[in-house]
Amino acid sequence: CTAIPDRQGYVMDPVLVSAIQPGIDNQQSVQATLGRPTFTGQFTERDWYYVSRQTRQLAFNNPKPVDQTVLHVRFDEAGNVASVEQSGLDQVVGIDPMNAETPTLGRKRGFFRELFGNIGQVGAGGMNAPTSNRD
Amino acid sequence: CAGGSGNKDVDTSYVARDVSTLYSAGKTRLERGQFPLAAGLFDEVERQHPYSVWARRAQLMSAFSYYMARDYTKAIQSAQRFLSIHPGNKDAPYAHYLIAISYYEQIADVNRDQSISQQALASLGELVRRYPNTDYAADARLKIDLVRDHLAGKEMEIGRFYQRRNQWLASVLRFRNVVEEYETTTHAPEALMRLTESYLALGIPEEARKAAAVLGANYPGSKWYERAYELVQKNAPAPTQTAAKPGA
Amino acid sequence: QETVPADTAPPADTPPQSEAPATTPPVAPGSAPAASILAPPTPIGTIRSISVTGGQRLEAQTVLSYTDLRVGEPYTRERLDEALRDLYATELFSDVQIRDNQGALTIQVTENPVINRIILEGNERLKNDKISPEIRLAPREIFTRSKVRADVARIIELYRRQGRFAATVEPKIVELDQNRVDLIFEINEGPRSKVRQINILGNEAFSDGDLRDEMATKETGLLSFLGSSNTFDPDRLAFDQQKLRQFYLTEGYADFRVISAVAELTPDKRDFIITYVVEEGERYRFGDVNIESELRDLDPQVMRRFVSMETGDWYNAKRVEDTITLLNETAGLYGYAFADARPQFKRNEDERTMDVTFRIADAPRVYVERIDINGNTVTRDKVIRREFRLAEGDPFNSVRVRRSRDRIQSLGFFQENLEIEQQQGSSPDRVVLAVDVEERATGELQVSAGFSSLERFLVNLSIRQRNFMGKGQELRAAANYSSYSKSVELGFTEPYLFDRNISLGGDIYRRDFSSFNFVNNSRNTTYEQLQTGGQIRLGIPLTEYMSLAMRYGLNLDDITLDRDIFFTDPDGDGPLPPVCDPLRAGRYLCDAIGERTTSSIGYSLLYDTLDNRLRPTRGERLILSQDYAGLGGSVNYVRTRASADKYFPIDDSGFVFAATIEGGYIHSFEDAPGPGRDPVRLIDRFFLGESQMRGFDIRGIGPRVIRRRFDADGNIIPGKDGIIADDALGGRAYYMGRAEVQIPFGKDMGLRPSVFVDVGAVFGLDDPTLVGISPDDPRARNRCVDVNGNSTPAPTTGGCPTGSIPVAGVAPFQEFYVGDTPKPRVSVGFGVNWISPFGPFRIDIAKALITAEGDDTKLFTFNVGTAF
């Protein structure tokens, strides 16, 4: 059975990307040609990132990255393009996320409330029960 | 949930009794803890004697009884009715506080819809804005932080969901949202660590290093920074060593 | 209504502690009669003091807070008027006057009364619980004229929707003490106005009747009591106009226009006559049809084959729309997330042709910024989010959004027409997808009793939670009891194990049912089967529409026969236990008894593109499944089954055509236990009959052994009345086909009638050895059998000699083996599925056209379940 191909993130168009030249373009022109970045640098506005990734998903396990390009456009203070770098799949690191969590409050629903909490009309049988759900 | 049975039968029986017997009956019910009955009786006071001074007090007491009976929607309704008629009354702050608390008590856990939390946030905010120096406002400010923390928790939950499904880009967008809008909450350090993980998985080591650096600067002792530091050392050692070692 | 003595003046209930900041000076007795504004023309004086009188419920301070008059400020007449307007605007007061003597203002208010009770009178058709939620006013609220008028309008609107346009509502007030009122709505509903006649002018191409069929509103006729489509409803009038336009557009009349649609009351004011005046205009054909693409790298010729209309066909707007959606979808599949096809028409009047050019434009590049899920108070966020076919940050793609909507909808937890809205994101090329869900009751506690021709009286108690813990897990517990089967079942499914889309499920069950057959409609049980077992299921998706399910099942069968009917004790009450007597029970039944364990693994491959799993109208489903029993256990076989269903709507007439074909074969690896005995056990074989093939009795098709009696002079009685036993043996292979057309008549009353043709056969079984007792066979007469087995004819009088035991003679019969042929049996019939007020109700009337010898047919089957 074949894996399901999928694309995540920015639709990279090589022709447009090559049109961006350091020194000539500034933030407006980059935005005009490439559109808004997928996200900007976390703490500075001067780094624009366009992330595009092709993945393969085999049946039930998670999508595996097959091909990836990250376009990093760096601007100087004046807002002109300082440098344009592209990085591929090599930078990608396999990460398995840490499963600790910060606790949150909020009422947890008890077991029986879960089971019976959402019974519509008792004996609604084949008909779909009316939308009112009483606890 | 406690049904407002007391209110129903008293209403139809339309027993006209004078103000003080009704009011004191309500009060004793309240002390005995029969909250729905008490609420019903206070409503009766207001209905049969709308113009007595006791009617004004009864409205507040009925709102309080519904709140104690955990019938939050009715508590909010009667408190709002009180405010619509007596906006300037000296007990108005208490009514606002009652509304805010009623919403606050209904906040569901992070996996569920958070519209109630938004309403709680709005009513708490209004309370603090209208009566800044009452002790209700002090309690409200504390609760506002808790609710914001809760909303950040929901964003984190969705971010972790995307991480588990290898949708790293989506998780980055969510965690950045937490760092930008919920900086002061308890989730910020974990969000920064998650960002380090996701940036590395997206193949942007430079941003990962920046996120880890910010985490190290603000929360040096946290377990999140330890994890982030170890990840950055292993996967994206910066050319120059900037961040201090955790726990240093 | 009770009349309460009108209370003259509100009691002078001076509040215990005075609230008003300013002291309330007593009203000077001698002041001039209260003209509305006594202030002399506009001297700019300063307000020395303001006092409020007549306020009982509202404190003076609150009344003051509504005006902007403050002590110490200058005042003019305009400001007093403005204060008056403000006070009236609050709707809290029925009358306000401001009196001024040299700067000491007195605001004299009479408050609006408070509502004590609201009573509805005269409403038979609409009960109180339908009307009261619509009324805004409530006890303890302040009574205002505008709110009463608004509520009256709301009640009248309710009646209009019911089709009662002559309804009138009269509000009445009963004054009570302490300025309170009882509010009474006197309703008289008037007759329900019906549509007596619909006539259409200006239509040459199509008859009035054709056009009327297109409309939702129907003329009052004989059957109109069944539905409400003949009541007059203005919104439906507009809807009908649109339907007319749509109909003409699909027939090529591009210039069609509805000039006027008028509904007049009949002279007796009871019903309406609707008249449409239409202008059909010319009929157009398609001119030249071509495709242009702005997308640089999408070549139009590739998309050409999706355009279904050619030059010369009659113009049809619907086909244009279908082509557009097709173009968008295929562009989406080719990865052009932002393709957006739009038609451009060029009309050339003289040749009456319409040129269509499909331009595939480069839609703006939009990305999904956030996906917000609201309204899920029970379901967890991830259960909905994991159904989304796109994640945040991905390019926006309408095909995937619709696919996500379908997947969320088929979860079955939410309201009927759920939509995913697109809201503007933080920047022009960002969009936020928001889905507002309203959760339906996914927990079903069903207690139902029913009566079916299959199982006679049956009671069923089941609890099922399809969204357990809000995690989308399904928990099922069911117990049902009928005179012929008792079963307890427990089931659990987790659709997304560890958040991966692996579904894991398990069931355990204990079923005890007795199989029976009909012999000239007396029902006798043949054998009891006690089944206990469990199953573990695992399912994974292969592609978007294909999925694979694997299962392991362990099952213990214990088959017993009714001892006193079918068993004979060879040595009376001697040491030997009674044994199953093939003469009485038949050889194959005696083989079947005993305990057996089946331990089997199996897989099924599923391809499913149905649009709705409960009531599909479009799409197909193919299933191939194989089970191998033989991992331990006492049985060893492999069973293969395959089925294919196809549903397609017959254009948008509401008819749905459903075709199903199904087949199966079981091959046993054990060798035959003896001559004439098939290696595959009786309960593992395939049977075909009442529930699958309509028109036939339970297990009415397939190989069977029938026993025929001898008549008085010793030859076998042919025909039905000769049969004294008819036991179906099932077969090793079967096939079945069904074509069904669902008719959309009576949809609004929950009726779903359908016409069907069923075809099928069961065959493939080793011929069993037949048994027979001819009339002159010694065993046909009573005899005495001594201890070592030889029998002597029993004396006609008195008992058997000592030492031998009496054995009753068996009525002579002869067994025949019939029905084992692959020849298709055909039955045709119609049935109706009705969700009646007291529960689901199904009737099928089917005539078996082609049968084979030995088949048991049945014309009429029904089952009714009442859920209470």
Side-chain angles (χ1 to χ4, degrees), chain B residues 7 11-12 14 16 19 43-59 62 77-78 81-90 92 106 108-116 118 154-155 157-174 177 202, chain C residues 2 10-11 13-17 19 55-59 61-66 92 111 113-117 138-142 176-180 368-383 385-386 390-394 436-437 439 469-471 498-501:
Chain B
N7 180 355
D11 204 358
T12 43
Y14 190 57
V19 178
D43 284 348
E44 260 320 284
V45 167
E46 190 205 345
R47 201 167 65 75
Q48 290 186 21
H49 309 280
Y51 292 102
S52 71
V53 166
W54 299 107
R56 197 176 309 131
R57 187 151 306 293
Q59 267 180 344
S62 112
Q77 269 163 10
S78 17
R81 206 174 34 250
F82 173 82
L83 284 173
S84 65
I85 301 174
H86 311 288
N89 184 288
K90 63 174 174 45
Q106 293 175 71
D109 68 69
V110 268
N111 295 312
R112 303 300 179 4
D113 181 49
Q114 291 307 318
S115 49
I116 297 275
Q118 306 285 8
K154 167 146 186 159
E155 295 290 313
E157 187 62 31
I158 296 173
R160 284 189 290 264
F161 167 78
Y162 277 129
Q163 272 192 336
R164 276 198 301 272
R165 295 174 66 87
N166 277 8
Q167 310 264 13
W168 300 102
L169 179 58
S171 70
V172 163
L173 296 175
R174 281 281 166 168
N177 185 9
L202 266 180
Chain C
E2 69 204 338
D13 176 356
T14 51
Q17 79 268 41
E19 295 294 325
Q56 288 158 338
R57 200 158 186 236
L58 300 174
E59 304 123 31
Q61 192 199 354
T62 319
V63 177
L64 275 181
S65 69
Y66 288 127
L92 293 172
E111 284 164 345
V114 170
I115 295 177
N116 180 33
R117 276 185 308 156
R140 305 205 298 280
E141 290 251 340
I142 293 182
L176 297 176
D177 59 359
Q178 296 195 9
N179 197 1
R180 288 175 304 135
V368 175
E369 184 176 23
R370 261 176 84 85
I371 297 180
D372 287 338
I373 293 172
N374 320 321
N376 54 330
T377 47
V378 173
T379 320
R380 286 169 194 254
D381 182 278
K382 65 175 180 174
V383 169
R385 197 173 290 278
R386 63 189 179 200
L390 63 175
E392 290 162 356
D394 284 357
D436 297 333
V437 292
E439 274 156 331
M469 304 287 273
K471 286 190 182 140
F498 318 127
D499 270 335
R500 301 271 179 86
N501 30 30

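Order of the sequence lines fixes the chain letters, A, B, ..., with proteins taken first and strands second; residue numbering starts at 1 for each chain. None of the values given here were measured: they were computed from a predicted structure.
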Approximate separation, where rounding is to 0.5 Å, of [X] [atom1] and [Y] [atom2]:
| X | Y | atom1 | atom2 | result |
| --- | --- | --- | --- | --- |
| B/Asn177 | C/Glu369 | CG | CD | 9.0 Å |
| B/Asn111 | C/Asn376 | CG | CG | 9.0 Å |
| C/Asp436 | B/Asp113 | CG | CG | 9.0 Å |

Self-check item: Most contacts with chain C, counted as non-hydrogen pairs under 4.5 angstrom, among B/Gln59, B/His86, B/Glu157
Solution: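 Option with the top pair count is B/His86.
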
Practice problem: Identify which of B/Lys154, B/Gln114, B/Glu46, B/Gln167 forms the greatest number of heavy-atom pairs closer than 4.5 Å to chain C. | Solution: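 Of B/Lys154, B/Gln114, B/Glu46, B/Gln167, B/Glu46 has the most heavy-atom pairs under 4.5 Å with chain C.
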
Quiz item: Where does B/Ser84 contact chain C at under 4.5 Å (heavy atoms): side chain, backbone, both or neither?
Solution: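 Contact with chain C involves the backbone of B/Ser84 alone.
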
Exercise. Under 4.5 Å heavy-atom distance to chain C, tell me which part of B/Glu155 shows up: side chain, backbone, both or neither.
Key: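 Side chain only.
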
Exercise. Using non-hydrogen atoms and a 4.5 Å limit, figure out which bit of C/Ile371 sits close to chain B: side chain, backbone, both or neither.
Key: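 Both the backbone and the side chain of C/Ile371 come within 4.5 Å of chain B.
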
Quiz item: Any idea which of C/Glu111, C/Arg385, C/Lys382 has the most non-hydrogen atom pairs under 4.5 angstrom with chain B?
Solution: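 Going by pairs under 4.5 Å, I would pick C/Arg385.
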
